Protein chains: 2
Amino acid sequence: MENDFVKELGYFGFTMRLKRINDMLIQEGRKLYKELGVDIEPNWYVIFELLKVHQRLSITEIANRLLLAHPSVITITNKMIKAGYLESGTDKNDNRVRVLKLTEKARKKLPAYEKIWKSGEKGIARAFEDKDALGFLDLMEKTFGQNGFVKLTLDEYRKDQN
Amino acid sequence: MENDFVKELGYFGFTMRLKRINDMLIQEGRKLYKELGVDIEPNWYVIFELLKVHQRLSITEIANRLLLAHPSVITITNKMIKAGYLESGTDKNDNRVRVLKLTEKARKKLPAYEKIWKSGEKGIARAFEDKDALGFLDLMEKTFGQNGFVKLTLDEYRKDQN
DNA sequence: TATATTTGTGTAGTCAACTACATAATTATG
DNA sequence: CATAATTATGTAGTTGACTACACAAATATA
């Protein structure tokens, strides 16, 4: 095991470390499901929860509420349909929209899945204790969101050009 | 623009938000390069810096120092070779290893690229000010690293089973 | 009302990481 | 010294996000 070069870079390695942490979490999530014998993907839980609250939503509505691009939503939900957790119908008033909702199977399995998710939530909350991790996410979203990072960098860049 | 459902979930939405922030940063990085007319990918900078410091490294050495899986390193470096920034030779003592180093082009372009990267670094540092974002990354790495998240969750899970 | 614009969905192709497996070279072992 | 184990690289296939483009339906406009 050699040194972690990225960590040594300070703020210079920020994005790369964030990426690694993120990938780590996804891998861990996959391991967790495997361990518990659950056949769902790490990114499905938000869709489950969203449709539990809002019953019937279109692709676009889901994309807007999760701040995802619509093709991503199509990919995720298609897999969930294939796995039997979602079914799609058509909107009465608009023939373009495809309305998605949870299936019987989804509703039956949900309580068990929610137990897992709640455990994960509690674990994270306890690990961070008083550290205000959510406040940190807020800050990052505000800092990097919509051209934030580009502006930030270009400002510094132009400052140095003089 | 509708509500951000994920944000409402509190710690339950943690991983998803982290993923979003991360993707956001990559997209922003890509935009930045485009704006400045630079033909490199967001994840190349660590390789540049690593090989600037260590001149000649093998695939495995790079993977170890960056904590990446070796196939990821192969993919990245192959693209950099194609773009003319890296060249690979063979190790004298070991015919299996492929040694990578920066090309003339890379060394010539590097100062200009480093100006951009430094600006990004400064921007991030200023945005976080006294917030100790790096300490937060440390904490996340420690918390989620090597089975951390799985253990964390399973502990809570089993606690609730009783 | 005919045409233009917007909106919802879908497809294609890109990028970045991963695991699992294959193969060849080197090193260790019996 | 022959064989076994390890190590370095490479390939294939998966997941998950994205943008750009295409097309059909609905809405707005002239």
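Everything numeric in this text was worked out from a predicted model, so none of it was measured. In what follows, every heavy atom counts, from backbone to side chain, and hydrogens, waters and symmetry copies are set aside. Residue numbers start from 1 in every chain, and the chains themselves are labelled A, B, ... in the order their sequence lines are given, proteins ahead of strands.
- Because its NZ or CZ atom is both nearer than 6.0 Å to the ring centre of A:Phe12 and within 45° of the ring axis, B:Lys118 counts as a cation-pi partner of that residue.
- If you take CG of A:Asn22 and C1' of D:dG16, they are 10 Å apart, rounded to a whole angstrom.
- The ring of A:Phe136 has its center no closer than 6.0 angstrom to the ring center of A:Phe128.
- Taking atom CG of A:Leu67 as the reference point, atom P of D:dA17 lies 13 Å away to the nearest angstrom.
- If you check every strand for non-hydrogen atoms under 4.0 Å, B:Ile26 touches nothing.
- Between A:Trp44 and A:Asn93, the residue whose closest nucleotide on DNA chain D is further toward the 5' end is A:Trp44.
- B:Thr153 and A:Ile116 get closest at one heavy-atom pair: CG2-O, 3.8 Å.
- The CZ atom of A:Arg20 sits 11 Å away from the P atom of C:dA17 (whole-angstrom rounding).
- Protein atom CD of A:Glu41 is 13 Å distant from nucleotide atom C1' of C:dC18, rounded to whole Å.
- Distance A:Leu25 CG to C:dC18 P: 14 Å, rounded to the nearest Å.
- With no hydrogens or angles considered, no side-chain donor-acceptor pair links A:Tyr33 and A:Tyr113 at under 3.5 Å.
- One finds a side-chain N or O of B:Asn95 lying less than 4.0 angstrom from the OP1 or OP2 phosphate oxygen of C:dT26.
- Between A:Asn147 and B:Glu28, the shortest heavy-atom distance links the atoms N-OE2, 2.8 Å.
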field: Nucleic acid footprint by protein, nucleotides 8-13 of chain C - heavy-atom cut-off 4.0 Å, B for base, S for sugar-phosphate alone
entry: SBBB--

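- For the atom pair CG (B:Asn43) and CD1 (B:Ile26), the distance works out to 7.5 Å, reported to the nearest 0.5 Å.
- Backbone-only contact: B:Arg30 has heavy atoms under 4.0 Å from sugar-phosphate atoms and none from a base.
- Within the 4.0 Å cut-off from OP1 or OP2 of D:dG16, at least one side-chain nitrogen or oxygen of A:Lys79 is found.
- In this structure, the CG atom of A:Leu66 is 10 Å from the P atom of D:dC18, given to the nearest Å.
- Of the residues near DNA chain C, A:Lys34 and B:Asn43, the one whose nearest nucleotide (by heavy atom distance) lies more toward the 5' end is B:Asn43.
- Under the 4.0 Å criterion applied to side-chain N and carboxylate O atoms, B:Asp91 and B:Arg56 are not assigned as salt-bridge partners.
- In this structure, A:Asp23 atom CG and C:dT19 atom P are separated by 10 Å, rounded to whole Å.
- Atom CG of A:Leu68 is separated from atom P of D:dG16 by 12 Å (rounded to the nearest Å).
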